[in-house]
Structures are given as structure tokens and as C-alpha cells.
Amino acid sequence: VNDEYFRPVEVYRAVEFVRDWNTGLLNSFDKELLSNVQVGIRHSKTGDMRYSFKSLYRGTTYRGLMHGLNGNLQGGKWTARWDASFLNTDGTTGNSSFLRHRDELTRRFGSWIPGVRFEQERNEQTRPGNDSLAISAFHFRIAEVFFTRPDTVKITMKGSFSRREDDGIRGTDFIHATTADMANFHIGWNKGLRQKVSLILNYRNLQINDTLLTLVKPEESATGRLDYTLNAGKGLLSLNTFYEGGTGREPRRLYSYIEVAPGTGNYSWNDYNVDGIPQLNEFEIAVFQDQANYIRIFSSTDEYVKVFFNQ
């Protein structure tokens, strides 16, 4: 319980508190009452399930009620985990309903553990006197298939393939806007504490389903990283090296030259075709400082180009 005179010296709540309760528009201080009731069942072999009910009242400007359900159940080689919540709010700044959940199902096959995972967040927000969704509303969903081999073995592996779909806002509805397919693979070799080698590969392909709902451009990228670690001489020698490379997209950059005070730039202009008009191929790095009368500047464009990198 906080009254309207309470002023926190520093952040004393969870980082996600404002997002969890959709209180981003509440800037003034007011009486506040936060309550939480939770019940659950637990079994030593099969796991546990819990239901929670939370409420947040802030004077007469905000009321939020949240239901939560989470659990972790095991049966034989199967394991199921879930964490879900549903928030409903109303107040002077608007109304909202926020559904989110994260579900996972795995099965063990020897040292391998494959599984599936699904995650969704649907946050519908409206402002007073307007049925259209507010700009802060959002909806996305992620479906993933994955496998892992625990770190307790000499050779570890894990990988996944997932698809994320994000919606844009059109009036009172969410409309599918973008689709991102992602894949990653990781393999590691451990020889005790002395040597470790690991390889990480990532791939992402972003597709635009509705160009009217997003300014994001289609993108395809791939990255990889190889790490090697060596410890020798009982810790006296430690070596770590890596190689990283990949492809991606970045905005095409245009450059131009601007004249500055004499001797304060980096480039000089040589009018090779004697037309009195500076052209890009007529600028060179100045040999003498008194000729350095120009600098080069870059500007980004809306056009994207494919790039390669390594280090």
C-alpha cells in the first residue's frame, strides 16, 4: 500500500512492472493498493501447479486485475512447463486486455532432449472515447522446435528452428505484418578444463506480409562463430581465440565532400577535367596539410545492400 505522498528514492519494483500492468501512461502519484493471492498443489514426483490472482488499484484512475497459471509437470520421460497470465484494466487513460503465455513440452531420448515451445503476447489497448487500438498495442506469437544435449557430456549440442509472426494495427484489429524464420545450431567439445571448442551458427529470414503496416525492410542474414579456449600449466597459460563471420544487410551509404576552413580537412580537390565543377573522383587524401580543405561525410539511404563481414 502506497499513499499519494510516497516518493521512491530509487526503483524498487521489477523492471517489467510497468509493462506487466500497462501503467505506462500513469505519471502522477496516487494512492496505490497491490494485492496477490496464490494457491497451488505440489507432488514430489510429478511436479507442481499454481494459480494466482493479483489486483492493482491506483486511486480512481486505474484498476487492474490479473489471473496467472503456471506449472511444471513430469511423467516418465515427458516434461511440460507453462506460464500464462491474463490482465484486464480500466481507467481514465484507457482500457486494456493483455494475454500472454509460454508453453513447453519435451521428451528425453537417452542423452537427447527434443521439444516444442510456443509463446504469445496479445496486448489490446484503447483510449477513452475511441474503439481503435492504441499505437502501444501489440501482438506477436512464436512457435519453436528445438533439441538439446546436456552439458554433462563431452560433446554438447543444441539447435532450434522457430517462426515469429508480428501483427500491425489497423483500426480495431491486428493484421499480420511480418514473419521471421530463425534457425540456430551450437556444438561444443570439452576436454576437461583444459580445452574447449565451440561452433555457433545462426540464420534469420525476415519477410514483410503487409508493407502498409511496417517500415521494416525484408532481411536475410547468417552468422557464425568458432571459439577455442586452452588452459595449460595449471592455469599459468590461458589462450582464447575466435573467428566470426556472416552476411547481412545495411543501408546503402552515400558520401559527399564539404569544404571547410583551409588546412582543417583531410581531402584536397584536383580539377582534372578543368570544368570547375567538383566531382567525386576528383577528391584525394591531401598530401600536404595546407591543401586539406575538404572533409568527407556519409548519409544513409532507404536502399539496403547485402554485406559480408569477418573478424
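Residue numbers start at 1 and run along the sequence shown. Small disclaimer: the values here were computed from a predicted structure and weren't measured.
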Aromatic Phe174 / basic Arg122 pairing, under 6.0 angstrom, 45° off normal = no
Please confirm whether Arg296 makes a cation-pi placement over Tyr255, using NZ or CZ under 6.0 Å from the six-membered ring centre and within 45° of the ring normal.
-> yes
Taking the six-membered ring for Trp, are the ring centroids of Tyr267 and Phe283 within less than 6.0 Å of each other?
->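 When the ring centroids of Tyr267 and Phe283 are compared, they turn out to be at least 6.0 Å apart.
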Would you confirm whether the ring centroid of His101 sits within less than 6.0 angstrom of the ring centroid of Phe86?
->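 No, ring centres 6.0 Å or more apart.
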Does the side chain of [X] pick up a donor-acceptor pair with the side chain of [Y] at under 3.5 Å?
X      : Y      : answer
Thr214 : Thr178 : no
Glu124 : His139 : no
Asn231 : Ser238 : yes

Under 3.5 Å, is there a donor-acceptor pair between the side chain of Asp103 and the main chain of Arg81?
->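 Side chain of Asp103 to backbone of Arg81: no pair is present.
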Main-chain N/O of Arg58 paired with Thr61 side-chain donor or acceptor, under 3.5 Å =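 At least one qualifying donor-acceptor pair exists.
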Evaluate the criterion side-chain hydrogen bond (donor to acceptor under 3.5 Å, both in side chains) for residue pair Gln279 and Asn273; output intermediate values, then yes/no.
-> CA-CA 10 Å; Gln279 275 124 26; Asn273 58 6; 2.9 Å; yes
Residue pairs involving residues 263-272 (criterion salt bridge (Lys or Arg N to Asp or Glu O under 4.0 Å); sequence neighbours excluded) |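 Passing the test, one end in residues 263-272: no pairs.
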Residue pairs passing the salt bridge (Lys or Arg N to Asp or Glu O under 4.0 Å) test where at least one lies in residues 13-25, sequence neighbours excluded |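 Counting only pairs at least two positions apart or across chains, the salt bridge (Lys or Arg N to Asp or Glu O under 4.0 Å) contacts touching residues 13-25 are Arg13-Glu32, Glu16-Arg19, Arg19-Glu121, Asp20-Arg100.
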Just do the side-chain hydrogen bond (donor to acceptor under 3.5 Å, both in side chains) check on Thr179 and Gln207 with the steps written out, would you?
-> CA-CA 5 Å; Thr179 300; Gln207 304 171 20; 5.5 Å; no
Can you name the closest pair of heavy atoms from Ser96 and Asn22 and give their distance?
->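 Smallest heavy-atom distance, with atoms named: OG-ND2, 3.1 Å.
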Please report the shortest heavy-atom distance between Val216 and Ile208, naming the atom on each side.
->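 That would be O-CD1, 3.4 Å.
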Can you list the steps and then say if Ser111 with Arg149 is a side-chain hydrogen bond (donor to acceptor under 3.5 Å, both in side chains)?
-> CA-CA 6 Å; Ser111 61; Arg149 199 178 185 204; 3.2 Å; yes
Counting only heavy atoms not in Asp275, do more than 12 fall under 6.0 Å of its CG?
-> yes
Measure the shortest side-chain to side-chain distance between Ser160 and Val145 over non-hydrogen atoms and say whether it is less than 4.5 angstrom.
->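 No; the side chains remain at least 4.5 Å from each other.
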Among Arg102, Arg164, Arg141, Arg163, whose salt bridge (Lys or Arg N to Asp or Glu O under 4.0 Å) with Glu119 holds?
->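 That would be Arg102.
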If you measure from CG on Asp227 to OH on Tyr243, what distance do you get to the nearest 0.5 Å?
->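 With rounding to 0.5 Å, CG (Asp227) is 13.5 Å from OH (Tyr243).
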